[in-house]
Amino acid sequence: MTSRRAVIGSALAGTTAAALPGVAQAGDSAGVTGPPSGGRWKLRNCMDSDAAWAEFLRRQDLLWRRVPTLWHEGPFLGDGRLGSMVYREPGANAIRFTVQHGEVQDHRPEFGSGWGTCRLPVGHLTLDPVGTITAVDWRLSLWNAELTGTITTDKGTLTLAALIHDGILAARVTASGDEEVHWTFHPEEAISPRKISEAPPAGYVPNPPWTTGSTGDGIEQVLQPLTGGGQTATAYRHSDSHDTLLLTVGHSHPSDTRAGEESLRKIRRARPSYAALRAPHTRWWHTYYRKSFISFPDERLQSFHWIQLYKVASASRAGGPPMATCGPWLEPTPWPAVWWNLNIQLEYWLIHGSNHLELDALATTVRQNQEQLTANVPAAYRSDSSGVGRSSDMFANRNVGTPGSGAEVGDLTWALHNVWLSYRHSMDERLLRDTLYPLLRRAINYYLHFLQPGDDGKLHLPSTLSPEYPVIPPKDTNYDLALIRWGCTALLEAAERLGVDDPLAPRWQETLARLTPYPVDGNGYMIGADTPYAQSHRHYSHLLMVYPLYLVNWDQPEHRELIEKSVVHWHALTGSHRGYSYTGAASLYAMMGRGDTALAYLKKFFDTSTRYPCRANTHYTEAGPVIETPLSASQSLHDMLCQSWGDVIRVFPAVPPTWPDVTLHDFRAQGAFLISAVRTAGATRFIRIRSLAGEPLRLRHDLTGGPVRAVLDDGTRARAEVSEDGTLTIELAKGREVLLYAGERPDLVIGPVAPVERGEAWGLP
């Protein structure tokens, strides 16, 4: 059976690259030396205390000295389900706290994901001062995941603090001068936010109106019944001290009463004081941040990155709903659902390197909804196939068409590549065995039903849609060919690792051997057979084989000209590019090792002269909120600082020359390795790697300045060899660490780097 490593190895065979400075060639270990005197070592982590983290993250906080008037200007809070954005109430002298929830949706699939299974609005709170608002002074603390500050009016001051934890929105407000604290909850109509762009479909019946009521113990409740069954319930009350408002949202289906019962139970069990609620909340966030650390000298971009780590944990948790295009912060949008043809994939990439697999709602969603993924394909194929349409609800409920009909077919396979990344970064065999392998097998089976040999003896795919490219769907779309190749390769490796003698393995091998080559013309990769990339398009789906699949990559010199030509042509046709067009280009150039070009493209996303720049609070909007783009920008940063593909870890592969100092700590790489590395004055000083699973360690680095030393955590010399292409292979058992450096041992210190490029805080400072 051919393993993935064998396939990749054969693709790389014959490649010759310059050896790394100071490192021996294959078969010669002389260039990798033993430990110096006093061989034991230990990192000194300056970020090992709450005080250090609080000081560092305070410099990344968002600030407001002006009143935000739009959702993409204001603070945002969330716990992976419940979410709130804070900005001025339109047309009123009040501050709005939106109340939205990632599990609140309609349940009428006959009207499609845009109307029938879309996310539904819940409502919003307003803080209504007595006087006219004249100023605000707010801070969104990343370290504490808490909004604090003041609202000044011509009557006095309101001092506020707010957070969301475990399904409870808690807001504490105290008044001074002649000000008073007044809260009002405004339910919102339970209709698709898509109403901003189109009328409801024929036969659509509006959901019934909400009802309001009070309990004898001071709880107010709003109940929203749904035509398709189920209900949404919002319950809120003031705490015993009356300075804190507590609110929770429940949703149930098909039960018409459970949400109301559970919302009351939750609000009654909530700790009555803000301080009591805050303690477990801050404990969770403090533990969260300390799982990894990155620092680089671009002040505003560094802050942006840490805000994305706050954002993704506010928007997603494993076991919860997968992020819709807007996360849990629903606003008017034409996209009130989960989009599977690019959005959900980009949303979750940054959780891997940042060492936050506890946020992986995508993997848990596909595991929990395997029956639905089967039901999504036509009945004739359900015995062995699965799929998902372009957009769906939180349960992946959306039919997928068939190849030959021009349908968009590959979206589940691409989503499973994300699950593959979670597996590769964790080496969790349960994830591979119970979720990834059976689902990927069924997703690839769906393709195999339709592959047919042509006159050339190659296997060809009938017409399918390259996501959202506006032409008649071609045959042999590069989007699908890349996913078929990746899926067959991954299945062969998975079967080998699991010890499965799969009867389909010969079919996967045959498919890899006979699948038609990627369609290419004089401008590079085409959309599909007879369909060139001929008009500007925001997606880079026709380039998936290059990124993020790396089937065609920069380690293959014979493909470099084609890769670069394709990327240049993609961006040469302007007019339809969006934010993720720039973040995608940044990651592609990072693969080429061009950090300066990668940074230039990444900064186009922040250029306010472009049509769709990053917004004041780091969110992003086109025709509506689209959360994937800023999150993908953080992945572009990851790709500049550390890559792990083709079973090789690349440390500092595309650091821009303008970043002389960089720190990584516990950055998670494929093979379940934690990487720590420090670069100062433009040179890498040391790399420490810890193995969590005992996988083979293969590394590329740029250590210079003397013989490279590889020292295990007990002070002994690591066994290491270097291949002809400069890749260093080190024996490293599970739970062990190795330190690499050149020349004399440097100071092994992990800490923030000093800014070189200054920038103002995010928000409205």
Side-chain angles (χ1 to χ4, degrees), residues 45-62 75-84 102 139-148 161-170 277-295 302-323 327-329 347-364 422 425-426 428 618 627 630-631 634-635 637-638 663-669 672 674-676 690 692 750-752 762:
N45 184 5
C46 296
M47 300 299 297
D48 63 354
S49 69
D50 283 357
W53 274 101
E55 179 184 358
F56 174 77
L57 285 179
R58 185 175 177 83
R59 297 197 295 269
Q60 323 307 323
D61 287 348
L62 299 93
F76 53 97
L77 305 166
D79 66 353
R81 289 176 170 83
L82 184 62
S84 181
R139 175 182 291 271
L140 181 54
S141 165
L142 302 184
W143 176 235
N144 293 319
E146 181 182 33
L147 173 64
T148 60
L163 56 83
I164 294 178
H165 179 71
D166 192 25
I168 298 289
L169 168 61
L277 285 163
R278 187 178 184 274
H281 169 77
T282 54
R283 278 199 302 271
W284 189 94
W285 282 94
H286 295 174
T287 301
Y288 168 77
Y289 285 118
R290 293 178 72 155
K291 290 186 177 181
S292 65
F293 180 72
I294 288 178
S295 182
Q302 176 178 263
S303 175
F304 169 86
H305 172 71
W306 284 99
I307 295 166
Q308 302 325 295
L309 291 181
Y310 165 78
K311 184 188 296 176
V312 72
S314 299
S316 183
R317 307 285 171 87
M323 279 184 271
W329 303 288
E347 288 165 2
Y348 283 97
W349 281 344
L350 84 162
I351 68 173
H352 301 117
S354 62
N355 198 17
H356 288 303
L357 298 178
E358 73 275 19
L359 306 181
D360 193 358
L362 174 53
T364 54
S422 290
H425 282 79
S426 65
D428 181 351
T618 80
I627 196 173
L631 298 181
S634 268
Q635 178 59 31
L637 288 166
H638 285 180
T663 296
L664 289 180
H665 183 53
D666 284 350
F667 186 96
R668 188 179 277 260
L674 296 182
I675 313 299
S676 298
R690 182 184 182 199
L692 303 179
I750 298 295
W762 292 90

(message) Which residue is it: Ser295, Ser354, Ser634? I am looking for the one with a side-chain hydrogen bond (donor to acceptor under 3.5 Å, both in side chains) to His305.
(response) Ser634

(request) Look only at the side chain of Arg139 and the backbone of Arg58, and say whether a donor-acceptor pair between them is shorter than 3.5 Å. (result) yes

(request) Could you tell me the separation between the CZ atom of Arg317 and the CH2 atom of Trp284, rounded to the nearest 0.5 Å? (result) 3.5 Å

(message) Are His356 and Ser292 packed together at the side-chain level, in the sense that at least one heavy-atom pair is separated by less than 4.5 angstrom?
(response) yes

(request) Test Ser316 against Tyr348 for side chain to side chain donor-acceptor pair (under 3.5 Å), laying out the working first. (result) CA-CA 9 Å; Ser316 183; Tyr348 283 97; 2.8 Å; yes

(message) How close do Tyr288 and Leu309 get, counting heavy atoms only, and between which atoms?
(response) OH-O, 2.6 Å

(request) List the atom of Leu357, the atom of Ser426, and the distance in Å for their closest heavy-atom pair. (result) CD1-CB, 3.6 Å

(message) Looking at Ser84 and Leu77, would you say the former's side chain and the latter's main chain have a donor-acceptor pair under 3.5 Å?
(response) no

(message) Show the nearest heavy-atom pair for residues Arg81 and Pro328, with the distance to one decimal.
(response) O-CB, 3.5 Å

(request) Could you tell me whether a side-chain N or O of Asp61 sits under 3.5 Å from a main-chain N or O of Leu142, the two making a donor and an acceptor? (result) yes

(message) Between Ser676 and His665 (side chain of the first, backbone of the second, donor and acceptor by atom type, cut-off under 3.5 Å), is there such a pair?
(response) no

(request) For the residue pair Trp306 and Phe293, categorise the inter-ring angle as parallel (less than 30°), tilted (30 to 60°) or perpendicular (more than 60°). (result) tilted

(message) Closer than 3.5 angstrom, by distance alone: can the side chain of Gln635 be matched with the main-chain N or O of Leu631 as a donor-acceptor pair?
(response) no

(request) Work out which heavy atom in Leu147 is nearest to a heavy atom in Pro75; give both atom names and the distance. (result) CD1-CG, 3.8 Å

(request) Please check if the side chain of Trp53 supplies one atom and the backbone of Met47 the other of a donor-acceptor pair under 3.5 Å. (result) yes

(message) Does Lys311 form a side-chain contact (heavy atoms from CB on, under 4.5 Å) with Phe76? I'd like the steps, not just the answer.
(response) CA-CA 8 Å; Lys311 184 188 296 176; Phe76 53 97; 3.9 Å; yes

(message) Quick check: do Leu692 and Arg668 have side-chain heavy atoms less than 4.5 Å from each other?
(response) yes

(message) Determine whether a donor-acceptor pair (N or O, by modelled atom type, separation under 3.5 Å) exists between the side chain of His425 and the backbone of Ile351.
(response) no

(message) In the structure I gave you, are the side-chain heavy atoms of Ile627 and Trp329 within less than 4.5 Å of one another anywhere?
(response) yes

(message) Which heavy atom of Pro322 sits nearest to which heavy atom of Ala361, and what is that distance?
(response) CA-CB, 4.0 Å

(message) Tell me the closest heavy-atom pair linking Pro321 and Gly102, and the distance in Å.
(response) CB-O, 3.7 Å

(message) Whether the side chain of His281 engages the backbone of Asn144 through a donor-acceptor N/O pair (distance < 3.5 Å, no angle test) should be reported.
(response) yes

(message) Among Leu277, Leu163, Ile164, Asp79, exactly one meets side chain to side chain contact (heavy atoms under 4.5 Å, CB included) together with Leu169. Which residue is that?
(response) Ile164

(request) Could you check if a side-chain atom of Arg59 sits within less than 4.5 angstrom of a side-chain atom of Pro752, using non-hydrogen atoms only? (result) yes

(request) May I ask you to check whether Trp285 and Tyr310 place their ring centres under 6.0 Å from each other? (result) yes

(request) Starting from the C-alpha separation in whole Å, work towards a yes-or-no answer on salt bridge (charged side-chain N to carboxylate O under 4.0 Å, His left out) for Arg290 and Asp50. (result) CA-CA 9 Å; Arg290 293 178 72 155; Asp50 283 357; 2.8 Å; yes

